[in-house]
2 protein chains.
Amino acid sequence: MAARTNETETLLTPAEVAEMFRVDPKTVTRWAKAGKLTSIRTLGGHRRYREAEVRALLTAVPAPREAE
Amino acid sequence: MAARTNETETLLTPAEVAEMFRVDPKTVTRWAKAGKLTSIRTLGGHRRYREAEVRALLTAVPAPREAE
DNA sequence: TGCTAGTAGGGTAATTAGGGAT
DNA sequence: CGTGTCCTAATTACCCTACTAG
């Protein structure tokens, strides 16, 4: 599917991302400051995050078979 | 609030899982490393665990019988 | 304009990862 | 073989005040 523009680009607040990762909102801010997360700044200086990127990073290892 | 998390997936910290199992957090880490537990890593490298999976493992033994 | 909740920022304590030894 | 404890380094959580979002 061709990637549609960015009309449906959902932005998440620090609190939303923190809930998804089970961390403190300050930690999410720290990730953005470290360049680990794409942060979109509002005109007032607050950060917003891309839902698609967050969900991609939230992908876990679905129970690996076994390790030696 | 605009965005709503589609999957309200609750994650647990190593200390929480350790408390539920009455083991050391280090042991929980070993379980994750052995692939016995699904681990979701934060961007800082810390592990988070699925509450549903942990609770399923906690109620997985109705004590059938004790012999031998 | 004023209001409430959330966020930024800095600083400090607690938790976690990783390896190693018992 | 699995678990609990030791260590160091890194990450995260909670404290505060001021400003922004809606």
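All figures in this text were calculated on a predicted structure; none of them were measured in a lab. Convention: sequence-line order gives letters A, B, ...; per-chain numbering from 1.
- A:Lys33 has its NZ atom 15 Å from the P atom of C:dT7, to the nearest Å.
- The shortest side-chain heavy-atom distance between B:Arg47 and B:Thr29 falls under the 4.5 Å cut-off.
- The two residues B:Met20 and B:Leu58 come nearest to each other via the heavy atoms CE-CD1, 3.4 Å.
- Scanning all heavy atoms of the two residues, the minimum distance from A:Pro25 to A:Ala15 falls at CG-CA, 4.4 Å.
- Taking atom CZ of B:Phe21 as the reference point, atom P of D:dT3 lies 11 Å away to the nearest angstrom.
- Of all heavy-atom pairs between B:Glu51 and B:Leu12, the closest is CA-CD1, 3.7 Å.
- With sequence neighbours excluded, the residues satisfying side-chain contact (heavy atoms from CB on, under 4.5 Å) with B:Thr42 are A:Val23, A:Trp31, B:His46, B:Arg48.
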Just the atom pairs and distances: protein N or O near nucleotides 11-16 of chain C's N or O, under 3.5 Å.
residue, atom, partner, partner atom, Å
C:dT16, OP1, B:Ala15, N, 2.7

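- With respect to B:Glu19 and B:Arg22, a salt bridge is recorded, a charged nitrogen being found less than 4.0 Å from a carboxylate O.
- For the pair B:Arg22 CZ and D:dG4 P, the computed distance is 12 Å after rounding to whole Å.
- Contact record, B:Ala18 with B:Asp24: CB-C, 3.9 Å, taken as the closest heavy-atom pair.
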List every contact pair, protein side and nucleotides 7-9 of chain D side both N or O, where the distance is under 3.5 Å.
none

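- Over its length, the helix from C:dC3-D:dG22 to C:dG19-D:dC6 turns its helix axis by 60°, as judged from the five terminal pairs at each end, rounded to 10°.
- At a threshold of 4.5 Å between non-hydrogen side-chain atoms, the residues A:Leu57 and A:Phe21 count as touching.
- A salt bridge (Lys or Arg N to Asp or Glu O under 4.0 Å) check over residues 26-35 of chain A, counting only residues at least two apart or in different chains, returns nothing.
- Each of A:Gly44 and B:Thr27 has a nearest nucleotide on DNA chain D; the 5'-most of these lies closest to B:Thr27.
- Here the C1' atom of nucleotide D:dA13 and the CH2 atom of A:Trp31 are 13 Å apart, to the nearest Å.
- Between A:Tyr49 and A:Thr38, the closest side-chain pair of non-hydrogen atoms is not below 4.5 Å.
- Near DNA chain D, meaning a heavy atom under 4.0 Å from it, residues 35-42 of chain A has A:Thr42 in order of number.
- Summary of the strand contacts: B:Leu43 and B:Val23 both lie near DNA chain D, and taking for each the nucleotide with the nearest heavy atom, the more 5' one is attributed to B:Val23.
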